[in-house]
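Everything below concerns the one structure shown next.
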Amino acid sequence: MAIKVNPNRMELLKLKKRTEIAKRGHKLLKDKLDELMKQFFILIRRNRVLRQEVEEKLIQAYLLFALARSEVAIEVIEEAVLYPHAEVSVDVLQKTLMGVAVPQIGLQQKGTFDCYGLSTTPAILDDALQTFNEALPLMIQLAEVEKAVELLALEIEKTRRRVNALEHVLIPQLEEAVRYVTMKLDEMERSYRTQLMVIKEMVSEAAI
Amino acid sequence: MVRLRTFIDPIKYGVATGRIKVLENKLFTRHRVERLVEADDFSDQLRILAETDYGGFFENVRTIDDIEEALHKYLAKVYDFLDELTREREIISFFRLRYDFHNLKVLLKTKYKQETGEHIWSHLGLLDVPRARDLIEQGMVDELPEVYRQAVKESMHRFEKERDSQQIDIVLDGYLYKLLHGLAVSQRNDFLQDLVKIFIDLGNIKTFLRAKNLRRKKDFISQALFDNGSIDKGIFIAIYGEPLDSLLEQLKNTPYAELLRVVFREGKKVDLSTFDKLVDNFALNHAKKARYVPVGLEPIVGYILAKESEVNMVRVILTGRLNNVPKDKIRERIRDLYV
C-alpha cells in the first residue's frame with residue numbers, strides 16, 4: 001500500500017471521495033483518449049492520401065524538369081528561372097483540435113511562375129513548373145497534417161499514460177487504502193465491542 | 001544573282017564545302033543513336049561516345065555537370081571550326097549571337113536582382129562578358145558594341161517601367177531574331193533567309209501555344225511575338241482570343257499545318273510535351289535541303305545546325321540516363337537526323 005493514511009473515519013471519507021474523483025477522471029480521460037484516437041486515425045488516413053498525392057506529383061514534376069533541362073544547356077534553364085516574379089509567402093496560425101494546438105498553414109501566391117521568354121526555352125519547362133506549382137499547396141497541406149499527427153500522437157501518449165496511471169496505480173491504491181481503513185475501523189470497532197463486552201461481564205460479575 | 005553565285009561560291013566556299021561533305025559522314029547515324037539509348041548504363045554510353053569525336057571530351061565525365069561542361073567544350077570546337085571555315089563575321093554571328101543574348105539576359109537580370117551569375121555565363125558568344133558586365137553595372141550602356149546597344153537599352157527601359165523580368169527576355173529575344181533576319185538579308189541567301197523565317201514562325205507558334213496554355217493575356221502575346229516571319233504576327237494576335245482550332249484553320253495552307261495537327265489533341269489543352277522535338281525536326285528538315293547544294297554557304301550552315309542538334313541529342317540521352325528517365329521517354333524526344 002503506497003498511500004499512508006491514518007485509519008479514521010475522516011480519512012475514509014476523504015479517500016472514498018478521492019477514489020470517486022479518480023474514477024470519474026479516468027472515465028473522462030478514457031473518453032478523451034478514444035476521441036483522440038478517432039481523430040488520429042482520420043488524420044493518418046488523410047496524411048496517407050496526401051503523401052501519396054505529393055509523391056506522385058513530385059515524381060512527375062522532377063521527371064518533367066529532368067526532360068526540360070536535358071533539352072537545352074543548363075545555363076539556359078538557370079537564366080530562365082533567375083528572376084522569378086511569383087512570390088510565395090506562408091503564414092502559420094494555430095487551431096485547437098481536441099485541446100491540442102495544431103498549426104494551420106496558409107499559403108499566399110502572387111504572380112505567375114512563367115518569368116522567361118517563351119520562344120527560346122523548352123515548352124516542357126511550362127509543364128514542369130506547372131506541376132511543381134500544383135505540388136506546393138499539397139506539400140503545405142501535408143506539412144500541416146503531418147505536424148498535427150505528430151502533436152496528436154504526443155497527446156495520445158500523454159493521455160494514455162495518465163489513463164494507465166489512474167487505472168493501474170492510483171485507483172487500486174486508493175481502493176486498497178479504503179479497504180485498509182475500513183478493515184482497521186472494523187477491527188477497532190470489534191475491539192471496542194469486545195472490550196465493552198468484557199467490561200460489562202466484569203461489571204455484572206462484580207454486582208453479583 | 002544566281003549566275004553570279006555560280007562563280008563566287010566555288011571560290012568562297014569550295015574548300016569549306018569539300019571539308020563539310022567529308023564531315024557529314026561522321027555525323028551520328030540512327031544506329032549509333034539507338035545504341036546510345038539502349039546502352040546498359042552510363043559507362044556503356046561513354047564507351048560508345050569514345051568511338052566518336054566526342055570521346056576526347058568525355059574522358060573523365062561522371063556527373064551531369066561534367067556532361068554540360070564536355071558538351072560546352074565540344075560546341076566551342078564546332079564553332080571554332082566554323083570560324084576556320086569561313087572568315088565572314090555575319091555567318092559566325094549567325095550562330096554565336098544567341099549566346100551573346102543569353103549572356104546579356106543573365107547580366108541584366110543579375111544586375112537588377114543584385115546577384116552574381118558568372119556560373120551561368122555562356123562562353124560560346126562573341127561578346128566580352130566581363131567588360132559588358134562592368135559597363136552594364138556602371139550604366140555605361142553606350143559603350144557596348146553597337147549590335148547589342150539598342151537591345152540592352154530597350155530591355156532596361158522596359159524592365160524599369162514594368163518591373164517585370166520577363167520583359168528582359170522578350171525584348172532581347174525580339175532583337176536577336178531581328179538581328180538574325182538582318183544577317184540573313186545581308187547575305188542575300190535564300191536558304192538562310194528562309195531558315196530565319198522558319199525560326200521566327202516556329203518561335204511565334206511556340207509562344208502562341210504556350211501563352212494560350214498559360215492563359216496569358218492578349219497584351220502579352222502582342223509584345224512577345226516576333227516580326228519578319230512568313231506568317232504575319234497580326235494573324236496570331238487577331239485569333240488569340242478564339243478557340244485553338246482557328247490557328248490550324250489560319251495556317252492550314254502553310255508548311256506548319258502538319259506540325260500543328262500533331263500537337264492538337266482532342267479537348268482544349270494542347271499537349272506540348274514533345275513540341276520542342278517537332279519544332280527542331282521541322283527546322284532540321286528544312287536545313288537538310290542544304291545537303292543537295294553542291295557548293296555554297298548552305299552545306300556549312302546545314303552542317304552546323306546538324307551538329308547543334310546532335311549535341312542536344314547527346315545531352316538528352318546522357319542526362320536522361322543519369323536522371324533515370326525511362327528509355328521510352330528519352331526515345332520520344334530524339335530528333336530526326338541530318339543524314
Side-chain angles (χ1 to χ4, degrees), chain A residues 52-89 107-138, chain B residues 64-65 68 71-72 75 98 101-102 105-106 109-110 112-113 115 117 119-122 163-166 168-170 172-173 176-177 200 202-204 206-211 213-216 224-226 272-277 279 312 315-320 323-326 329-330 333:
Chain A
Q52 205 175 350
E53 229 174 296
V54 165
E55 275 176 13
E56 276 168 16
K57 265 269 181 277
L58 282 181
I59 288 172
Q60 196 193 351
Y62 277 112
L63 175 66
L64 286 170
F65 194 75
L67 292 175
R69 65 93 48 233
S70 71
E71 287 286 333
V72 284
I74 187 65
E75 55 262 24
V76 176
I77 298 286
E78 289 209 28
E79 181 277 317
V81 292
L82 185 61
Y83 198 153
H85 49 45
E87 270 177 37
V88 173
S89 60
L107 176 76
Q108 276 88 35
Q109 195 171 343
K110 269 194 293 183
T112 51
F113 61 82
D114 60 310
C115 55
Y116 39 81
L118 298 185
S119 54
T120 45
T121 50
I124 198 165
L125 182 64
D126 299 347
D127 292 346
L129 295 184
Q130 176 67 40
T131 321
F132 274 120
N133 203 39
E134 286 163 10
L136 187 63
L138 288 176
Chain B
I64 290 183
D65 289 339
E68 287 290 345
L71 289 176
H72 197 276
L75 259 184
R98 115 174 96 99
F101 275 78
H102 161 81
K105 286 179 193 172
V106 175
K109 286 187 180 178
T110 47
Y112 289 120
K113 205 156 183 257
E115 274 182 11
H119 64 292
I120 50 171
W121 286 356
S122 172
R163 306 308 294 179
D164 177 5
S165 58
Q166 200 170 21
I168 296 175
D169 291 310
I170 290 175
L172 289 180
D173 285 342
L176 170 65
Y177 280 89
I200 292 174
L202 290 173
N204 282 346
K206 196 165 158 180
T207 305
F208 181 90
L209 292 176
R210 290 173 74 181
N213 263 1
L214 293 166
R215 298 169 203 276
R216 300 304 301 258
L225 291 173
F226 305 135
L272 292 180
S273 57
T274 53
F275 189 68
D276 302 303
K277 167 189 155 173
V279 164
N312 253 351
R315 182 186 293 110
V316 169
I317 299 174
L318 262 61
T319 55
N323 277 328
N324 294 324
V325 177
K329 287 268 174 208
I330 296 179
R333 318 192 73 75

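Since we're looking at a predicted model, the values are computed, not measured. Naming convention: chains lettered A, B, ... in sequence-line order (proteins, then strands); numbering from 1 in each chain.
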Using a cut-off of under 4.5 Å on heavy-atom pairs, state which of B:Leu318, B:Leu214, B:Ile170 scores highest against chain A.
B:Leu214
With a 4.5 angstrom heavy-atom cut-off, could you sort out which part of A:Phe113 is near chain B: side chain, backbone, both or neither?
side chain
Heavy-atom contact with chain A under 4.5 Å, split by part of B:Leu272:
both
Do the non-hydrogen side-chain atoms of A:Leu118 and B:Lys206 ever get within less than 4.5 Å of each other?
no
Quick check on B:Tyr112 against chain A: is it the side chain, the backbone, both or neither that has a heavy atom closer than 4.5 Å?
both
Is chain A contacted by the side chain of B:Asn312, its backbone, both, or neither, given a heavy-atom distance below 4.5 Å?
both
Looking at chain A, which one of B:Lys109, B:Arg98, B:His119, B:Lys329 has the largest number of heavy-atom pairs inside 4.5 Å, strictly under?
B:Lys109
Flag the pair A:Arg69 / B:Ile64 as yes when at least one side-chain heavy-atom distance between them is below 4.5 Å, and no otherwise.
yes
How long is the span from the CG atom in B:Asp173 to the OG1 atom in A:Thr121, to the nearest 0.5 Å?
8.0 Å
State the OG-CZ distance between A:Ser70 and B:Arg315, to the nearest 0.5 angstrom.
8.0 Å
Out of B:His72, B:Arg216, B:Glu115, B:Arg163, which one racks up the most heavy-atom pairs below 4.5 Å with chain A?
B:Arg216
Heavy-atom nearest pair, B:Phe226 first then A:Ser119, reads CZ-OG, 3.0 Å
As an exercise, state the distance from CD1 of A:Ile124 to CZ of B:Arg210, rounded to the nearest 0.5 Å.
10.5 Å
Given A:Val76, A:Leu67, A:Leu64, A:Thr112, the one with more heavy-atom pairs under 4.5 angstrom with chain B than any other is A:Leu67
Sort out for me which of B:Ile120, B:Leu75, B:Asn324 touches chain A most, counting heavy-atom pairs under 4.5 Å.
B:Ile120
Residue, of B:Asp276, B:Val279, B:Thr319, that accumulates the most heavy atom pairs under 4.5 Å with chain A:
B:Asp276
